[in-house]
Structures are given as structure tokens and as C-alpha cells.
Amino acid sequence: MSIENPARSDYCHVALRAGFAGSGAPVFETLPARSVGLGGYELMGSPGMVEGCAAGDVLKIDSDGLFQIERRGPNLCIQAFGRPPFAAESVDSLSRAFAPLAGLVEAPADRRFLVVTVPVDAGFPAVEAVMETWAPSVSGLLEWGFGNVFGPDGEPLNWWQEPEG
């Protein structure tokens with residue numbers, strides 16, 4: 001399902017299914033995208049709720065908001081959830097910590113979650129070090145994880161590894 005931008009360009013928004021509400025109704029996350037070819041969309045932002053993709057990935061999306069990766073982009077997606085919501089200073093601190101890795105930290109106005117887009121070339125140890133250094137400064141409950149590194153079975157997707165041969 002896509003929500004097309006009325007402006008005449010290849011930029012639009014797409015709605016990806018994030019799950020289901022308690023009522024059974026589907027829940028969607030709307031993300032900025034760019035139309036690429038017939039039915040393909042390149043994500044221009046990483047999701048905060050949907051797992052399996054990040055900014056730079058090219059997706060094929062069906063009418064139910066389910067997607068398939070056509071081509072992986074160069075980015076990791078880190079999703080963090082806080083209770084109570086993250087303080088503005090905490091978001092700023094994380095943004096400064098990811099700046100040397102060319103990471104972008106984003107949050108909705110209520111700061112109930114954060115999403116970080118960072119090039120996979122920054123390396124998992126560097127990304128994990130930033131998150132582990134930042135985590136103790138967060139007051140309340142913090143849960144974070146990689147949104148596009150593990151499959152539904154918990155196994156690494158390994159899309160970042162160079163093909164052998």
C-alpha cells in the first residue's frame with residue numbers, strides 16, 4: 001500500500017504493516033520513499049516499528065503493507081524504545097555519539113521511540129559501543145535492537161557480508 005505524494009516527483013510515502021492492534025486491525029508505519037521502477041520503492045528513512053528493512057533498501061510492497069526486499073541498501077537500522085519517553089537531552093546525546101559514524105538519530109515528537117540509521121560500514125562493534133555507552137544515561141526502561149539484522153527465526157540475515165568467490 002502506498003500513499004502517493006500529490007507533487008509530481010518520484011518521492012512519496014509508503015505504508016508498511018507493523019503488526020496488528022488488539023482489535024485485530026492492521027497497524028501501519030508510514031515512511032518516506034522514492035519510486036524506483038515498476039512497483040519498487042527505495043526507503044528514504046528507517047522504520048521505528050517495522051522490522052527487516054532500513055533506509056536505502058528497495059522494496060516491493062503488496063496491498064496489505066507486506067514487503068519483500070528487492071535490494072539491500074548500505075544501512076543498519078537500530079530501534080530503541082523507552083519508558084518513560086526519552087528526554088530531549090538523551091536524544092541529543094545519542095545524536096552526538098553517532099555523528100562520527102555518519103549515523104542519523106530520529107524520533108517522533110513524543111520521543112517514545114528512537115530510530116538510528118547508520119552505514120553498516122561503521123561496523124557492529126562501533127555501533128554496539130555507542131549504544132552500550134549511551135544506555136546507562138537513559139532514565140527508566142530502555143530496550144534496543146537492530147531492526148534489519150536478524151530474521152524472524154532470530155538468525156542473522158548476513159546481508160552485509162561480501163559474497164564469496
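As the structure is a prediction and not an experimental result, all values here were calculated from the model.
Residues L157 and V149 fail the side-chain proximity criterion, which asks for heavy atoms closer than 4.5 Å. Counting heavy atoms from C-beta on, the side chains of D64 and R17 come closer than 4.5 Å. Under the 4.5 Å side-chain criterion, counting only non-hydrogen atoms from C-beta, Y11 is in contact with M44. In this structure, I69 and L59 have side chains that are in contact, with non-hydrogen atoms separated by less than 4.5 Å. Residues M49 and Q79 form no side-chain contact, since every pair of their non-hydrogen atoms from C-beta on lies 4.5 Å or further apart. A heavy-atom distance below 4.5 Å is found between the side chains of L76 and V127. Put simply, the side chain of F20 does not reach to within 4.5 Å of the side chain of V27, judged on heavy atoms. The shortest side-chain heavy-atom distance between L94 and V130 falls under the 4.5 Å cut-off.
Here the side chain of S90 pairs no donor or acceptor atom with the backbone of F86 at under 3.5 angstrom. Within the 3.5 Å criterion, the main-chain N or O of I78 finds no donor-acceptor partner in the side chain of N148.
Taking the six-membered ring for Trp and thresholds of 30 and 60 degrees, F124 and F146 have ring planes more than 60 degrees apart, a perpendicular arrangement.
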Practice problem: Take W144 and F113 through the ring-ring contact (aromatic ring centres under 6.0 Å, His included) test and state the conclusion after the steps. | Solution: CA-CA 9 Å; W144 72 271; F113 67 87; over 10 Å; no
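Within 6.0 Å of CD on E143 lie no more than 12 heavy atoms contributed by other residues, nucleotides or ligands.
In this structure, R34 pairs ionically with E42, as a charged nitrogen and a carboxylate oxygen lie closer than 4.0 Å.
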